[in-house]
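Everything on this sheet refers to the single structure shown next.
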Amino acid sequence: MAVTKRRGYVPQDIEPKWQRVWAERGVLVADDASDRPKHYNLVMFPYPSGELHMGHMRNYVIGDLVSRFRRMQGMEVLNPFGWDAFGMPAENAAIKVGKHPRELTLGNIAIAKRQLAMMGVLYDWSREVATCLPDYYRWTQALFLLFWERGLAYRRLAPVNWCPFDKTVLANEQVINGRCWRCDNLVEKKDLEQWFLKITDYADRLLDDLELLRGTWPEKVRVMQANWIGRSHGAEVDFEAETGDAIRIYTTRPDTLFGATFMVLAPEHPLVERVTTDAQRSEVRAYVERARRETEIERLSTEREKTGVFTGAYATNPVNGERIPIWIADYVLMGYGTGAIMAVPGHDERDFEFAKKFALEIREVIAPPSGPVGELSTAYVDKVGSLVNSGRFDGLPPEVAIPKITQWLAEQGKGEGVTRYRLRDWLISRQRYWGCPIPMVHCEACGIVPVPDAELPVELPPENKPLAENPEWYTVPCPSCGRSARRETDTMDTFIDSAWYFLRFTSAHDREEPFDPELANHWMAVDQYTGGIEHAILHLLYSRFFEKVLHDAGMVEPVEPFMRLFTQGMVKRNGQVMSKSLGNGVAPDDLVKREGADAGRIYEMFIGPPDEDAEWTVSAVAGPVRFLHRVWRLVLEPERIERSPAALSPSDEVLRRRTHQAIRKVTDDYTSFAFNTAVSALMELANAMQEHVAGGGELGDTWRESVDALLLLLHPMAPHVTEELWERTGHAGLCADAAWPAYNPAAAADPTITLVVQVGGKVRDRLELPAGLPEADAREAALRSEKVGRALDGKPPRQVVYVPDRLINLVP
RNA sequence: GUCGGCGUGGCGGAACGGUAGACGCGCUGGAUUUAGGAUCCAGUGGCCGAAAGGCCGUGGAGGUUCGAUUCCUCUCGCCGACACCA
C-alpha cells in the first residue's frame, strides 16, 4: 500500500482543501437525467437569522450524512437548500440597525452559507432559493392565484388574533396560550377583512392520508396533526326560543338530548340581544362586555371557575318539549360548532360544574351498567350503559342511541348529523412589509380583481414600511377597467412561502411556471425529510395541504409531499436549548478552529439518539478527536507492508470478521438513523484494527480491506479526514464518489460463540463453543461445567431451554 | 385534566424477551515521549472477600415467562404537546 510520508492529523490543514474539491467537482449536484434511483433528501430550510450554532447544525449534519450515504449506495441524490427569508424579525431587526431587510437577510444568508461549508455540509447550490427574492415569490403569488381560481382563497371580515407588538394578525396556530408565537405578547381580538385559504375543504383528506404515513412519520407527529384537525361526528339540533328564533346547537352526544336542562350561548352569539328579556338586559350586556375585554388566556383557563348570566329567556327541547332556560357563558366558544350548546349537566363535566354553581337541574339520562345512580355527584361521561328518562329511546346503549336519535331529528326536521373540525380556515393576511404581497387589486367598480399572471411579480417597494402606509405603491390602475384602484396591502403568512419550496427545488430556475410538473414527478415525493419537532403541526400541515391542492390541479402526482419524516431533538447546553438570545450556542467557527469539522460532526452524531434532546458537553468532544487521531495513525503509520499469505492468519480472520460485522452494523444504523451507535461500531472497528497491529498481524489484503471499509463507512460522518486518507492510501477517485462497501455474511460469521449457561435463569458460566452446536452437545458441555454442577447440586435439570449459539438454561 | 415520551454507573448513553452497562467522557494505577487537547497498557455499577467466588442492581410495587431494562397492570418523578372543541 503506497503511503505518503507520515504527518500528524491537523484537520485545519485538510478541511478547506476538500471543501474546495467537492465544490469544484460538483459532488452532490443532482442530475435530472440520471438513471440511478432517485433519492430526494431534504432538510427543513432555515430562516436566516444570522450566525448558526451547533444546535442548528445537528439537522444539517444529519442531512449531509444521509446524502453522502445514499449517494455512495448508488442513488442519485437531490439535496437542495434555501432560505425561508421573509418574516417580521428581519423587518424589526432592519429597523433597529437602520438597514433594509433585504440587505440584512442576504447578509445573514452569506454568513450561514459559509458556516455550512466549513462544516463540510454539501448541497446542490445550483438550486438554491430564497423566498424573499422576486424570482421565487413571483411563483408564490402565482400559486395564490391558482388557489383563488380554485375557490380556495377568499376574503371575509373576521375576528382575528392581533398582536399589538408586531402590529399584525396571527393565525390560530401562531397563538400559543393566548400569546404571540414570536414575541410572546398577549394577543387581542379584532374584527378585520382578512384573506383565508380554505384548508378546511381538505380536512378529511389531511386527516385520512395520515394513514399513508403510518410507520414512516413519527407517531407523535401524526397524533399531533390528527388532534389539530380534530374531526368529530355529532348532530346539529334546533332549539326554538320563545321569540321564535331557532337556536342551533352542535353536540357529539345526541344520545343525551333528554338530559338537556338548559342552554348556553357564547357571549358573542348573534342571538344574544334578541332573546334576552328586558329585565335581564343590563346584566347580560355587562357580562358580554366583560367577556369581550378579557384576553384569550384568561378566558381559556380551565382552572377558572365558571361564570355566566341568565338571559331571562327559555327555549324548547325538541325531543321532549320541555321549557329550558337560556344562559350566556364564556365557556362556550363562538369559534367552535355553532357557538351555542345544549347543556347536559348529568353527562358533561363543564355543564355539571355550571349547573352546580347556578343551581340548575341535573338529570340522569345515561345509566351506567350497574343501574341508575339517581343523585349524580359527578358527570357520568362514559358511553357505556343505557338510556333512561329518554322516552322511547330508554334502554338503548348510547352507541346505538346516537344514530337513532340523529335519524329521528332529521326525520322531524329538527336537526341533522354533521361532522365538525377543530381545524379553522387558514388566515394568511399579514399587515407588514417584509412578506410576499398578495397579488390582488381592489377596484371600486370591479371589486376584487386578481393581478394578471403576466404582471407578476407584484414586487415589494423599496421602502421598509407597512404596505398600507405606502400610497405610491398601492395606487395602481385596475387590471380590469383601468381606473385608479388600490392594491391589496396585506402580505402572506410566511408559512405559505415554505409550503411549496420542496417543489420549486425540482426545477428551481423555471421561468415559465412555479415548477416543472415532469421534474416534480421525477423527484417527488421527498424520500427523507428531516427537521425540528417544532414544525410538527404548522409547516407540515400546510405543506401537505399545498401538495394536495397542486395534485388536484394536475401539477404533481404524489398526494403526500414527505414520505419519511425524521424529527431530530434539540441540542442543549447547561440544560437549556442553544439559542442566540441565551448566548449559550457553540459556534461552528470555534469548533472548526479547535477540533475540526469532522470531530464536531462525529460528536454531534455520537452525543445521543438523534430524535432525543442532547446536552452538549465540551469535554466529551475529546472522544471523537482522539478517535480521528487514532484512525489517522492506523491508516498511515504501520510501515511493515507484507504480502498476504495464501491462507488467512488467525489475526487476519478476526480482523476480517470484525470488518464485515462493522459494515453490517454501520449500514443498518445509518439506514435507521441510529447514528450514535454507528459511531460506536466504527470505534470498535478501529479498536480491532489497533489490536491487530499491536499483535503483529499482517498488513496485507485483509488489512487493506479493513482500512478501506473504515474510511468508506466513516466518510458520511467525517468526510474530510476520510477523503484525505483515501487519497493518501493511493486511491484514484474521491472517497465521496466511491461505492459503499459490500457486506459479506460469510465473512462476518463467528466460528465460535460464547454460550451463556444459566441455572434457573441465573448466569453460572460462559463457554466458548463452536457455532451451530446441536442441543445435546451444548447440554453435555454445560453439564460438564464445575460451576453448573455446583449450582445444580448434583441433581439433573427438570427442564432445559436452549437458544442456539446464545444461551442454555438448565432449570432444576 | 387528556394524550404522548422518558426514568439504566460519577456523566452521555448501549442492549432481536436471552451475558445489563457496548462505545465514549471522567477517574485510578502503570509505561512511554524532543512537539501536539498526545500515545499505549490495565482497571473502573454497588456490597462482602486477600483471592476464588458470592450477593444485590435498569424510579417503585405487582404480574406473565425457564428467563424481563425489554411485555402487561398499578404507582411515583421529569419532559413535551393539547387544553372549557360541547
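Below, chains carry the letters A, B, ... as their sequence lines are ordered, and counting in each starts from 1.
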| query | Which residue, Gly335(A) or Lys593(A), contacts RNA chain B at a nucleotide closer to its 5' end, judged by nearest heavy atom? | reply | Lys593(A)
| said: If I take atom CH2 in residue Trp616(A) and atom P in nucleotide rG24(B), what distance separates them, rounded to the nearest angstrom? | reply: 19 Å
| said: So, OP1 or OP2 of rC23(B): does either fall under 4.0 Å of a side-chain N or O from Arg630(A)? | reply: no
| Of the candidate nucleotides rA20(B), rG4(B), rC23(B), which contains the atom at the shortest distance from the side chain of Ser680(A)? | rC23(B)
| Nearest-nucleotide 5' precedence on RNA chain B, Val223(A) against Phe627(A) | Val223(A)
| query | Between rA14(B), rA81(B), rU19(B), which nucleotide gets closest to the side-chain atoms of Arg806(A)? | reply | rU19(B)
| Expressed as a whole number of Å, how far does the C1' atom of rG12(B) sit from that of rC16(B)? | 25 Å
| note | Against the side chain of Lys306(A), the closest entry in rG13(B), rC84(B), rC23(B) is rC84(B)
| query | Counting only side-chain N and O atoms of Lys787(A), is one of them less than 4.0 Å from OP1 or OP2 of rG53(B)? | reply | yes
| Going by a 90° cut-off around 0, is rG9(B) syn or anti? | syn
| message | Test of understanding: with side-chain contact (heavy atoms from CB on, under 4.5 Å), list the residues that count as partners of Arg594(A), not counting sequence neighbours. | response | Asp590(A)
| Now, which nucleotide makes the Watson-Crick or G-U wobble pair with rG57(B), with each of the two distances under 3.5 Å? | none
| message | Strictly below 4.0 Å: does Arg422(A) bring a side-chain N or O up to OP1 or OP2 of rA83(B)? | response | yes
| message | Counting only heavy atoms from other residues, nucleotides and ligands, does the tally under 6.0 Å from NZ of Lys593(A) exceed 12? | response | no
| request: Scan Val801(A) against the nucleic acid and name what it touches under 4.0 Å (heavy atoms): base, sugar-phosphate only, or nothing. | output: base
| field | Whole-Å gap separating P (rC23(B)) and CD (Glu604(A)) | value | 23 Å
| Within a radius of less than 6.0 Å around CD of Glu349(A), do more than 12 heavy atoms belonging to other residues, nucleotides or ligands occur? | no
| query | If the C1' atom of rC11(B) is compared with that of rU44(B), how far apart are they to the nearest Å? | reply | 14 Å
| remark: For Leu810(A) and Leu783(A) the tightest heavy-atom approach is CD1-CD2, 4.0 Å
| message | Looking at rU65(B), which nucleotide sits across from it as a Watson-Crick or G-U wobble partner, both distances under 3.5 angstrom, or is there none? | response | none
| message | Can you tell me which nucleotide in rG13(B), rU19(B), rC40(B) comes closest to the side chain of Gln690(A)? | response | rC40(B)
| query | Please give, in whole Å, the distance from rA81(B) C1' to Met570(A) CE? | reply | 12 Å
| query | Contact class for Asp351(A) vs. all strands (heavy atom < 4.0 Å): base, sugar-phosphate, or nothing? | reply | nothing
| Is Val811(A) touching bases, backbone alone, or none of the nucleic acid, heavy atoms closer than 4.0 Å? | sugar-phosphate
| query | rG37(B) base to Glu595(A) side chain: any donor-acceptor pair below 3.5 Å? | reply | yes
| request: Using a heavy-atom cut-off of under 4.0 Å over every strand shown, decide if Arg764(A) touches base, sugar-phosphate, or nothing. | output: sugar-phosphate
| request: Indicate, with a heavy-atom threshold strictly under 4.0 Å, whether Ser619(A) touches base, sugar-phosphate, or nothing. | output: sugar-phosphate
| message | Can you say whether a donor on the side chain of Thr677(A) sits under 3.5 Å from an acceptor on the base of rA14(B), or the other way round? | response | no
| query | P atom, rC23(B) versus rC78(B): distance in rounded Å? | reply | 34 Å
| remark: The salt bridge (Lys or Arg N to Asp or Glu O under 4.0 Å) partners of Glu786(A) (sequence neighbours excluded) come to Arg790(A)
| field | Short side-chain N/O contact from Lys762(A) to OP1 or OP2 of rC56(B), under 4.0 Å | value | yes
| field | Nucleotide nearest Ser232(A) when distance is taken to its side chain, options rA86(B), rC23(B), rU19(B) | value | rA86(B)
| remark: Arg658(A) CZ to rC23(B) C1', in whole Å, measures 14 Å
| Can we call the ring centroids of Phe262(A) and Phe354(A) under 6.0 Å apart? | yes
| said: Both distances below 3.5 Å, Watson-Crick or wobble geometry, any strand: find the nucleotide opposite rG1(B). | reply: rC82(B)
| query | Between Asp613(A) (CG) and rC78(B) (P), how many Å, whole number? | reply | 17 Å
| said: Looking at rG24(B), I'd like to know if its phosphate oxygens (OP1 or OP2) sit under 4.0 Å from a side-chain N or O belonging to Asn687(A). | reply: yes
| Heavy atoms under 4.0 Å, any strand shown: does Ile607(A) hit a base, just sugar-phosphate, or nothing? | sugar-phosphate
| request: Assign Pro624(A) to base, sugar-phosphate, or nothing according to its heavy-atom contacts below 4.0 angstrom with the strands shown. | output: nothing
| query | So, Arg664(A) and Asp668(A), do they make that salt bridge, N to O below 4.0 Å? | reply | no
| message | As a test of reading the structure: which of rU19(B), rC3(B), rC40(B) is closest to the side chain of Arg633(A), going by heavy atoms? | response | rC40(B)
| Geometric class of the Tyr743(A)/His660(A) ring pair [parallel <30°, tilted 30-60°, perpendicular >60°] | tilted
| Counting side-chain heavy atoms from C-beta on, which of rG53(B), rG37(B), rC25(B) comes nearest to Arg790(A)? | rG53(B)
| message | Within the 4.0 Å heavy-atom criterion, would you say Arg798(A) contacts the bases, only the backbone, or no part of the nucleic acid? | response | nothing
| message | Between Glu353(A) and Lys356(A) (salt bridge meaning N to carboxylate O under 4.0 Å), is one present in this structure? | response | no
| query | Looking for any heavy atom pair under 4.0 Å, which part of the strands does Gln758(A) touch: base, sugar-phosphate only, or nothing? | reply | base
| request: Would you classify Asn809(A) as touching base, sugar-phosphate or nothing, given that sugar-phosphate means primed atoms plus P, OP1 and OP2, and contacts are heavy atoms under 4.0 Å? | output: base
| request: Identify the nucleotide, in any strand shown, that forms a Watson-Crick or G-U wobble pair with rA20(B), with both distances under 3.5 Å; if there is none, say none. | output: none
| remark: Pairing partner of rA15(B), by Watson-Crick or G-U wobble and under 3.5 Å for both distances, is none
| field | Spacing of the C1' atoms in rG43(B) and rG59(B) (rounded, Å) | value | 30 Å
| query | Please give, in whole Å, the distance from rA14(B) C1' to Asp668(A) CG? | reply | 16 Å
| query | Using purine N1 to pyrimidine N3 plus N6-O4 or O6-N4 for Watson-Crick, or N1-O2 and O6-N3 for G-U wobble, both under 3.5 Å, which nucleotide pairs with rU28(B)? | reply | rA42(B)
| rA86(B) phosphate, OP1 or OP2, under 4.0 Å from Tyr250(A) side-chain N/O | no
| task | Give the nucleotide from the list rA14(B), rG24(B), rA86(B) with an atom nearest to the side chain of Met683(A). | result | rG24(B)
| query | Does Arg626(A) make a side-chain N or O approach to OP1 or OP2 of rG26(B) shorter than 4.0 Å? | reply | yes
| request: Sort out the partner of rG77(B) for me: Watson-Crick or G-U wobble, both distances under 3.5 Å, none otherwise. | output: rC6(B)
